[in-house]
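Written out below as structure tokens is the structure these notes cover.
Chain identifiers are assigned alphabetically (A, B, ...) following the order of the sequence lines, protein sequences preceding nucleic acid strands; residue numbering begins at 1 within each chain.
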2 protein chains.
Amino acid sequence: MTKQEQIEQAVEKFWETIPPAWHATRAVVRGAAAEKFHLTEEQFQVLRRIRRGSASVSALAEASQTSRSAVSKAVEALVRRGLVSRSQNPDDRRNLPLALTDEGQRVMAGVYDETEQWLSARFTRLTAEETESLLLGMESLRKAFTTP
Amino acid sequence: MTKQEQIEQAVEKFWETIPPAWHATRAVVRGAAAEKFHLTEEQFQVLRRIRRGSASVSALAEASQTSRSAVSKAVEALVRRGLVSRSQNPDDRRNLPLALTDEGQRVMAGVYDETEQWLSARFTRLTAEETESLLLGMESLRKAFTTP
DNA sequence: TGGAAATAGTTGTACAATGCAACTATTCAC
DNA sequence: GTGAATAGTTGCATTGTACAACTATTTCCA
């Protein structure tokens, strides 16, 4: 198999794999987050990333590959609901660091557990070797999409 | 690394990899498809899958993990624009087989080339080994999400 | 130092994406 | 032949999203 054929295969498999997997996952997040906590999927992603350390609108937009304005609106809704706090960075007053409030932490733990369990259930279907190849493959995918 | 740890890593990597990759790709499709051909991203996916052989609203919904109603609306728009034809299946009159019209084929070729090129460019950044692991990993991902 | 360019973030607007529930038409199961 | 299942559509409500225009602040550099 030439490099070129390999790439064509990857493109084809990408289409067949990534969008459906993401749609299915998003549907689960939407169900769990909306029903129990009145969070939208976008808001869930924002909470998740803030918990992981992304602490500004720009960082969130960069990490999730969406626009600053979309993130800004999600954050605004979360701040209004008291799940996220916005503070001021004295070193750069354009920058508004974000953090989870206690309530945000609590909500996040609940939603995350549920969706993580669902995802874990998918991955439990795989053998150890398949899971290993999944990890390697996702690392390659990440590299393909982030290398400048 | 225990199986459980492996799965937790996979969940984490999934969140960090799949949504951003998909968002970025969708943005490109949206740009190319919208600007040159006035297609929405959803319509692009439908055209793509019809070309690949998915020939009914239900099959499309199943393949893309979305609802029949969402697909139905996209198909309706494409039929109205003359890119897709709906026929009747004499063996089951509930079933309305779909096919690309000549114009649909032409448009699809144009859009697909462009987005495929963009995706190919991402994957060209990878070594042969990385591309190989990407292929294996996506196969695992597909399995994780389709096994009943 | 003064101003141009860059960056962080917000908001208005418009449209795309989507699910759900209710509906029709048809087929299947027994 | 009737009730359950399936294919598909439509109305409605809501989310997701980008783009462009805007403010506020910082950085760059001549």
Side-chain angles (χ1 to χ4, degrees), chain A residues 19-20 22-35 37-46 50 54-81 84-98, chain B residues 19-20 22-35 37-46 50 54-81 84-98:
Chain A
W22 175 234
H23 280 134
T25 305
R26 189 178 46 179
V28 170
V29 172
R30 187 139 49 201
E35 197 164 320
F37 301 97
H38 301 283
L39 284 177
T40 68
E41 190 269 325
E42 173 74 3
Q43 289 168 0
F44 164 75
Q45 293 290 346
V46 166
I50 291 176
S54 290
S56 74
V57 168
S58 296
L60 290 166
E62 169 69 19
S64 59
Q65 292 284 299
T66 59
S67 64
R68 284 204 310 273
S69 68
V71 173
S72 176
K73 284 165 193 177
V75 167
E76 177 60 25
L78 291 168
V79 168
R80 262 204 292 265
R81 286 191 50 195
V84 166
S85 66
R86 243 182 321 220
S87 52
Q88 283 246 349
N89 176 357
D91 292 341
D92 184 344
R93 279 159 41 195
R94 295 170 302 182
N95 182 25
L96 304 178
L98 304 172
Chain B
W22 174 234
H23 279 134
T25 306
R26 190 177 46 178
V28 170
V29 172
R30 189 138 51 200
E35 196 163 321
F37 301 97
H38 301 284
L39 285 176
T40 69
E41 190 269 324
E42 172 74 3
Q43 291 168 1
F44 165 74
Q45 292 289 347
V46 166
I50 291 177
S54 291
S56 74
V57 168
S58 295
L60 291 165
E62 169 68 20
S64 60
Q65 292 284 300
T66 58
S67 64
R68 284 204 308 276
S69 69
V71 173
S72 175
K73 285 163 195 178
V75 167
E76 177 60 24
L78 291 168
V79 169
R80 262 205 292 266
R81 285 191 51 195
V84 166
S85 65
R86 242 182 323 218
S87 50
Q88 284 246 348
N89 175 357
D91 292 341
D92 184 344
R93 280 159 41 196
R94 293 171 303 182
N95 182 26
L96 304 178
L98 304 172

Does the side chain of B/Leu98 reach to within under 4.5 Å of the side chain of B/Leu60, using non-hydrogen atoms?
-> yes
Does a side-chain N or O from A/His23 land closer than 4.0 Å to OP1 or OP2 of C/dT18, or not?
-> yes
Using only heavy-atom distances, determine whether the side chains of B/Ser56 and B/Ser58 contain a donor-acceptor pair under 3.5 Å.
-> no
Candidate nucleotides C/dA8, C/dG19, C/dA17, ranked by approach to the side chain of B/Ser67 - the nearest = C/dG19
When all nucleic acid strands are considered with a 4.0 Å heavy-atom cut-off, which category describes B/Arg93: base, sugar-phosphate, or nothing?
-> sugar-phosphate
A/Leu78 CG to D/dT15 P, straight-line distance once rounded to whole Å | 13 Å
A/Ser72 has a side chain; which of C/dT11, C/dA17, D/dT10 sits nearest to it?
-> C/dT11
Atom-to-atom span, CD of A/Glu41 to P of D/dT15 - whole angstrom = 12 Å
Pick base, sugar-phosphate or nothing for B/Ser69, based on heavy-atom distances below 4.0 Å to the nucleic acid.
-> base
Whole-Å distance, B/Leu98 CG to D/dA7 P, equals 13 Å
Under 4.0 Å between a side-chain N or O of A/Arg94 and OP1 or OP2 of C/dA6?
-> no
A/Gln45 has an atom CD; how far is it from atom P of D/dT15, in whole Å?
-> 16 Å
When you measure from the side chain of A/His23 to the backbone N and O of B/Gln65, does any donor-acceptor pair fall under 3.5 Å?
-> no
Against the side chain of B/Leu96, the closest entry in C/dT10, D/dG8, C/dA8 is D/dG8
Per nearest nucleotide of DNA chain C, the residue lying toward the 5' end, A/Ala70 or A/Asp92, is A/Asp92
In whole Å, what is the span from the CG atom of A/Leu60 to the P atom of D/dG16?
-> 15 Å
Rounded distance (Å) that lies between atom P of C/dA8 and atom CD of A/Glu62 | 10 Å
Separation of atom CG in A/Asp91 from atom P in D/dT27, rounded to whole Å | 9 Å
When rounded to whole Å, the CD to P distance for the pair A/Glu42 and C/dA16 reads 19 Å
OP1, OP2 of C/dG9 versus side-chain N and O of A/Asn95: anything below 4.0 Å?
-> yes
Ignoring backbone atoms, establish whether B/Arg68 has a side-chain N or O less than 4.0 Å from OP1 or OP2 of C/dG19.
-> no
Output for pair (B/Gln43 CD, B/Lys73 NZ), nearest 0.5 Å, gives 13.0 Å
Mapping B/Arg26 and B/Ser56 to their closest nucleotides on DNA chain D, which lands nearer the 5' end?
-> B/Ser56
Quick one: are A/Leu39 and A/Val29 in side-chain contact, heavy atoms under 4.5 Å?
-> no
D/dG16, C/dT26, D/dT9: which one has an atom nearest the side-chain heavy atoms of A/Arg30?
-> D/dG16
Tell me, with the steps shown, if B/Val46 and B/Val75 meet side chain to side chain contact (heavy atoms under 4.5 Å, CB included).
-> CA-CA 7 Å; B/Val46 166; B/Val75 167; 3.9 Å; yes
Ranking B/Lys73 and A/Gln43 by the position along DNA chain D of their nearest nucleotide, the one closer to 5' is B/Lys73
